[in-house]
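Every chain is numbered from 1 and lettered A, B, ... according to where its sequence line falls, protein lines coming before strand lines.
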2 protein chains.
Amino acid sequence: MQLSNTEEELMEHLWNLEKAYMSDLLEQFPDPRPAPTTIATLLKRMQEKGFVSYNQHGRSRQYFPLVAKTDYFGSHVRGLIKKFFNNSSAQFASFFTKETDLSAKELEELRAIIDKEIERKES
Amino acid sequence: MQLSNTEEELMEHLWNLEKAYMSDLLEQFPDPRPAPTTIATLLKRMQEKGFVSYNQHGRSRQYFPLVAKTDYFGSHVRGLIKKFFNNSSAQFASFFTKETDLSAKELEELRAIIDKEIERKES
DNA sequence: GAGGTTGCTCTACAAATGTAGAAAATTAAA
DNA sequence: TTTAATTTTCTACATTTGTAGAGCAACCTC
């Protein structure tokens, strides 16, 4: 099952913190903070969906992600590519570089990454 | 407002066809086809959300997208980048190349694209 | 040890989503 | 022209999402 939008936002915070108590998570939200019960509900649903677990640490729980950000994100992107780009990563990459307006520096950086990848692949 | 998942799928077909009658759209779906009323409902909602319009063409309507795929997709990706990569395209690109397991050929292709972009930028 | 604070579960409820039947209107087909 | 298929609107209903109060248990504080 998929995370909903709000759940995803919460997950982001959890990925950043790696481990967190309710209060830590609550703190992460910008000012008109959601009610603590809202966060609690979300965490519960996320547990049911298998994205989050916790360690009972004294009185309360220290939550942590069960799914790595890279995994989650990777499958997300693959989904997009499949849906919009006929499953062609290169087609996507092409679109991406053209459309997202990378700076010269970013482009250089990206090329370096790719070169490294190519090298890695060759060995 | 955003398209929901099913709406997005339908939109995909519409982008592919460019213009389409109900029946054309219905045909696009793999076998356990949704009921025609389902498609109709979706189209209606998509019109309300401003993603689709139509020309009354004789008895029925020829639907067409109001939003270009590249625009829709671009803002989608930008959203992801913002949410997951701290708004850094390069960070995203790096992740992308590392994680999506491009083939050697795709990597070469991608590098060519980037080189071209760099060139374009320099001029 | 009485009262506030925190974190949790349970319950609730409005809005959005996924799905489609009923019915009307139109048209194609026999 | 009677019948059958097509397209649309309306209505409906279960599920999921966003949001949070009520209430309870555990703790902290004086």
Distance check needed: [N] [atom2] versus [X] [atom1], whole Å only.
X: A:His57; N: C:dT6; atom1: NE2; atom2: C1'; value: 17 Å
X: A:Gln62; N: C:dC8; atom1: CD; atom2: P; value: 11 Å
X: B:Leu43; N: C:dG18; atom1: CG; atom2: P; value: 14 Å
X: B:Glu9; N: C:dG18; atom1: CD; atom2: P; value: 10 Å
X: B:Met46; N: C:dG18; atom1: CE; atom2: P; value: 11 Å

Inset, instruction - Using a strict 4.0 Å threshold on nitrogen-to-oxygen distance, state whether B:Arg120 and B:Glu117 make a salt bridge. - result: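 Result for this pair is yes, salt bridge flagged.
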
Legend entry - Outermost nucleotides of DNA chain D that come under 4.0 Å of a non-hydrogen atom of chain A: D:dT17 to D:dC27

Under the side-chain hydrogen bond (donor to acceptor under 3.5 Å, both in side chains) test, which residues partner [X], sequence neighbours left out?
X: A:Asp115; answer: B:Arg111
X: A:Asp71; answer: none
X: B:Lys49; answer: B:Glu7

Partners meeting salt bridge (charged side-chain N to carboxylate O under 4.0 Å, His left out) with [X] (sequence neighbours left out):
X: B:Glu9; answer: none
X: A:Lys121; answer: B:Asp101
X: B:Lys69; answer: B:Glu12
X: B:Arg61; answer: none

Please set out all donor-acceptor pairs under 3.5 angstrom arising from side-chain atoms of residues 14-30 of chain B, sequence neighbours excluded.
unit_1: B:Trp15; atom_1: NE1; unit_2: B:Val67; atom_2: O; d: 2.8
unit_1: B:Tyr21; atom_1: OH; unit_2: B:His57; atom_2: ND1; d: 3.4
unit_1: B:Asp24; atom_1: OD2; unit_2: B:Tyr21; atom_2: N; d: 2.8

Inset, instruction - Verify the neighbour count for atom CD of A:Glu119: are there more than 12 heavy atoms of other residues, nucleotides or ligands below 6.0 Å? - result: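 Counting other residues, nucleotides and ligands, CD of A:Glu119 stays at 12 neighbours or fewer.
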
Legend entry - Non-neighbouring partners of A:Thr41 that pass side-chain contact (heavy atoms from CB on, under 4.5 Å), sequence neighbours left out: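 Per chain and number, A:Thr41 pairs via side-chain contact (heavy atoms from CB on, under 4.5 Å) with A:Arg45.
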
Legend entry - Sugar-phosphate only, base, or nothing, as touched by A:Tyr54 at under 4.0 Å among non-hydrogen atoms: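 It contacts nothing in the nucleic acid.
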
Inset, instruction - Can you sort out which residues in residues 11-29 of chain B have a heavy atom within less than 4.0 Å of DNA chain C? Ascending by number, please. - result: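 Residues of residues 11-29 of chain B under 4.0 Å from DNA chain C: none.
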
Below 3.5 Å is the cut-off: list the nitrogen or oxygen pairs between protein and nucleotides 19-23 of chain C, distance only.
unit_1: C:dT19; atom_1: O4; unit_2: B:Arg45; atom_2: NH2; d: 3.3
unit_1: C:dA20; atom_1: OP2; unit_2: B:Ala35; atom_2: N; d: 3.3
unit_1: C:dA20; atom_1: OP2; unit_2: B:Thr38; atom_2: OG1; d: 3.3
unit_1: C:dA20; atom_1: N6; unit_2: B:Thr41; atom_2: OG1; d: 2.7
unit_1: C:dG21; atom_1: N7; unit_2: B:Thr37; atom_2: OG1; d: 3.3

